[in-house]
Amino acid sequence: MVITWWYLYLALRRLCRQTWIMASVMQKLITPLASGPAEPPRNKVTVVGVGQVGMACAVSILLRELADEMALVDVMEDKLKGEMMDLQHGSLFLKTPTIVADKDYSVTANSRIVVVTAGVRQQEGESRLNLVQRNVNIFKHIIPQIVKYSPNCTLVVVSNPVDVLTYVTWKLSGLPKHRVIGSGTNLDSARFRYLMAEKLGIHSSSFNGWILGEHGDSSVPVWSGANVAGVSLQKLNPDIGTDADKENWKEAHKMVVDSAYEVIRLKGYTNWAIGLSVADLTESLIKNLNRIHPVSTMVKGMYGINDEVYLSLPCVLNNGGVASVVNMTLTDEEVGQLRKSAETLWGIQKDLKDL
Amino acid sequence: MASTQEKLISHVMKEEPVGSRNKVTVVGVGMVGMASAISILIKELADELALVDVMEDKLKGEAMDLQHGGLFLRTPKIVADKDYSVTANSKVVVVTAGARQQEGESRLNLVQRNVNIFKFIIPNIVKYSPNCILLIVSNPVDILTYVAWKLSGFPRHRVIGSGTNLDSARFRFLMGERLNLHPSSCHGWIIGEHGDSSVPVWSGVNVAGVSLKELNPDMGTDSDKEDWRTVHKMVVDGAYEVIKLKGYTSWAIGLSVADLVETILKNLRKVHPVSTLVQGMHGVKDEVFLSVPCVLGNSGLTDVVHMTLKLEEEQQLIKSAETLWGVQKELTL
């Protein structure tokens with residue numbers, strides 16, 4: 001009897017020891033306490049398109065620690081996987097624990113923000129408006145898929161021509177207009193502030209100036225608003241922004257319009273500045289900051305514009321999207337320029353098929 | 001007739017402006033150089049960034065693109081020129097210039113091409129920043145760190161190779177994937193050559209001080225049922241795979257460079273696996289650079305942590321050293 005119990009004990013001990021040896025390192029090391037499915041991410045950001053702009057947006061968002069999950073989507077599978085792996089290999093230095101990528105949009109599910117950079121880009125000397133029809137066709141595939149998997153997201157459209165494509169995105173998505181934003185003149189304004197501040201020997205964040213309207217050749221610099229520490233530059237120099245200006249401040253705006261063409265001519269594309277500006281917008285959206293940014297929003301009904309077009313105006317951004325629009329006091333000439341942009345854009349939009 | 005600037009702003013400081021105190025230069029504006037630059041910028045490590053390259057248009061375009069993002073950054077001065085005078089008074093100079101691996105090509109194949117490029121670059125850097133710390137990234141990094149050391153005439157503590165900082169980061173990422181933990185809680189050191197013959201020190205692999213090798217004595221051997229050796233293999237293959245998929249690697253190396261620059265500029269005295277002169281350590285007799293855990297700070301690489309290695313790990317290091325010396329002694333410097 002005792003012997004049987006003894007043998008039983010030995011057998012049991014052998015079993016335990018074997019199980020212990022057989023148990024994986026993970027099982028030996030870590031005892032799980034909370035079982036059940038993992039919580040869904042709370043601040044997931046998707047970037048559609050892993051070209052230069054998409055990856056600059058992705059890296060800026062990662063380095064700013066804005067997301068707890070990042071998804072990348074593209075049609076080029078190898079490039080997509082390579083970019084994902086390269087980012088994952090940097091995980092030690094980041095605070096975004098989950099980085100996923102797939103051609104299939106299911107990987108984007110439950111995103112709070114979806115940044116759309118996909119599409120063709122300007123070649124040297126080509127205007128943004130030329131890209132329209134090609135990018136509309138791409139968007140017809142992309143947008144419904146995004147909305148299918150993240151019906152509550154806010155869409156940030158970056159692909160050019162951004163104002164037209166933000167309109168297209170709004171139509172294709174069926175989302176309310178305050179949740180479809182175009183990166184618009186956020187970048188133009190950043191460039192403007194950089195160039196003006198350089199001329200004055202100060203940091204760009206201390207120079208306040210807004211460029212509104214179309215992101216492109218016909219953007220509108222609001223000279224009346226340009227100020228440093230509340231001091232209006234136009235009051236110091238009433239000719240500012242006009243041809244009569246001896247100091248030729250208008251040159252700064254011209255350089256902004258030409259910037260993208262210049263950088264494309266020199267290095268083939270632009271990416272860092274637009275990436276940083278998108279991360280800046282993403283920060284306001286995710287952190288519910290109620291900061292004001294010049295972004296492309298639906299402006300029908302404002303400034304006498306009767307068409308459904310997207311143009312950049314100063315918008316208050318928070319976690320619901322565009323909460324409100326600031327009514328800038330514009331001169332008649334500036335309002336005229338906005339309306340002219342609206343007409344040009346509507347001229348293109350009305351010919352687009354199957355929206 | 002006062003200008004708008006004069007009406008707006010009164011300059012009151014009589015002395016010359018002080019100039020930057022934490023200047024970083026990145027040599028080479030290819031994918032690795034720019035990834036390093038953007039990581040350094042977004043991490044707000046420098047008060048001035050200089051870029052140098054021989055391709056003038058690309059260089060100017062990259063600098064403009066970064067400058068246009070100035071509103072979102074805290075590095076007020078970003079300069080770029082073919083001429084090295086723009087790099088003067090740098091605290092850290094990151095060298096990424098040179099040829100990169102093509103698909104399937106090993107890092108050692110790049111040597112002679114990159115030595116020739118360094119013969120131009122290094123003296124120019126030294127001329128304008130004689131007190132800087134050189135951080136070499138170009139491959140094969142261990143050999144090129146040796147080359148940079150010889151060409152610069154710097155003391156060995158101011159010439160550092162990015163070495164296996166990236167390999168170890170990849171290892172910790174993969175380890176984290178296996179254990180469902182963040183990489184920063186997974187500890188593992190890969191030392192030796194940054195490349196095919198790097199050495200994973202299995203005895204040091206741990207989580208919260210718990211040695212994984214003690215839980216699984218077969219770890220790192222062929223008889224390991226969990227095949228942890230694959231994790232190291234994936235690190236060695238990692239770069240080749242990313243190159244095959246997207247043409248080059250950039251983000252991970254850029255982030256790891258920024259990590260090293262942070263430790264140096266902030267004088268953190270953190271321990272990183274980077275490439276340094278290992279002659280006299282672990283039985284290595286030749287004048288070669290290999291990665292071992294080193295203490296980094298604002299003077300550079302001040303101390304080396306002496307790992308207790310197994311006999312076969314030391315033998316691997318000695319073997320790497322011999323391979324590297326075999327290549328180095330053929331070089332005309």
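Since this is a predicted model, take the numbers as computed values, not measurements. Here is the naming used below: chain letters follow the sequence lines, and residue numbers restart at 1 for every chain.
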Quiz item: Do B/E262 and B/K270 sit within salt-bridge range, that is, some charged N less than 4.0 Å from a carboxylate O?
Solution: no
Quiz item: Among B/K60, B/H182, B/E62, B/K7, which has the most heavy-atom pairs under 4.5 Å with chain A?
Solution: B/E62
Quiz item: What about A/F207 and A/W249, are their ring centers closer than 6.0 Å?
Solution: no
Quiz item: Given that the side chain runs from C-beta out, which part of B/S39 has a heavy atom under 4.5 Å from chain A: side chain, backbone, both or neither?
Solution: both
Quiz item: Thinking salt bridges, do A/K250 and A/D245 make one under a 4.0 Å N-O criterion?
Solution: no
Practice problem: Sort out for me which of B/V235, B/L71, B/D65 touches chain A most, counting heavy-atom pairs under 4.5 Å. | Solution: B/D65
Quiz item: Backbone N or O of A/V263 within a donor-acceptor pair of the A/T270 side chain at under 3.5 Å?
Solution: no
Quiz prompt | Side-chain donor-acceptor pair present, B/S291, B/H194, cut-off under 3.5 Å | solution = no
Quiz item: Do A/H253 and A/S219 meet the criterion of a side-chain donor-acceptor pair at a distance under 3.5 Å?
Solution: yes
Exercise. Mind ranking A/H203, A/M55, A/Q88, A/K81 by heavy-atom pairs under 4.5 Å with chain B and telling me who comes out on top?
Key: A/Q88
Quiz item: Checking heavy atoms, do the side chain of A/E65, its backbone, both or neither come under 4.5 Å from chain B?
Solution: neither
Quiz item: Hey, does the Lys NZ or Arg CZ of B/R178 hover above the aromatic six-ring of B/W228, less than 6.0 Å from the centre and inside 45° of the axis?
Solution: yes
Exercise. Check each atom of A/I30 against the heavy atoms of chain B and say whether the ones under 4.5 Å are side chain, backbone, both or neither.
Key: side chain
Quiz item: Does A/D68 pair with A/K95 as a salt bridge, N-O distance under 4.0 Å?
Solution: no
Quiz prompt | Contacting region of B/K43 [heavy-atom separation from chain A under 4.5 Å] | solution = side chain
Quiz item: Given that the side chain runs from C-beta out, which part of B/S168 has a heavy atom under 4.5 Å from chain A: side chain, backbone, both or neither?
Solution: neither
Quiz item: Is it the side chain or the backbone of B/M175 that comes within 4.5 Å of chain A heavy atoms, both, or neither?
Solution: neither
Quiz item: Going from CD1 on A/I202 to CD1 on B/I9, what distance comes out if it is rounded to the nearest 0.5 angstrom?
Solution: 5.0 Å
Quiz prompt | Identified side-chain contact (heavy atoms from CB on, under 4.5 Å) counterpart of B/V261 within the set B/L296, B/N22, B/I40 | solution = B/I40
Quiz item: Between B/L73 and chain A, which part of the residue has a heavy atom less than 4.5 Å away: side chain, backbone, both or neither?
Solution: both
Quiz item: If you measure only the distance, is there a donor-acceptor pair under 3.5 Å linking the side chains of B/T263 and B/H272?
Solution: yes
Practice problem: Check whether A/E247 gets within reach of chain B through its side chain, its backbone, both or neither, counting any heavy atom under 4.5 Å. | Solution: side chain
Quiz item: B/S184, B/A258, B/S256: which one forms the most heavy-atom pairs within less than 4.5 Å of chain A?
Solution: B/S256
Quiz item: With only heavy atoms counted, which part of B/F72 is less than 4.5 Å from chain A, the side chain, the backbone, both or neither?
Solution: both
Practice problem: Select, from A/D78, A/L92, A/L276, A/D86, the one with the greatest count of heavy-atom pairs under 4.5 Å involving chain B. | Solution: A/D86
Self-check item: Contact class of B/M55 relative to chain A, heavy atoms under 4.5 angstrom
Solution: neither
Quiz item: In terms of heavy-atom pairs under 4.5 Å, which option from A/H89, A/R193, A/K246 contacts chain B the most?
Solution: A/H89
Quiz item: Among A/R64, A/E77, A/R265, which has the most heavy-atom pairs under 4.5 Å with chain B?
Solution: A/R64
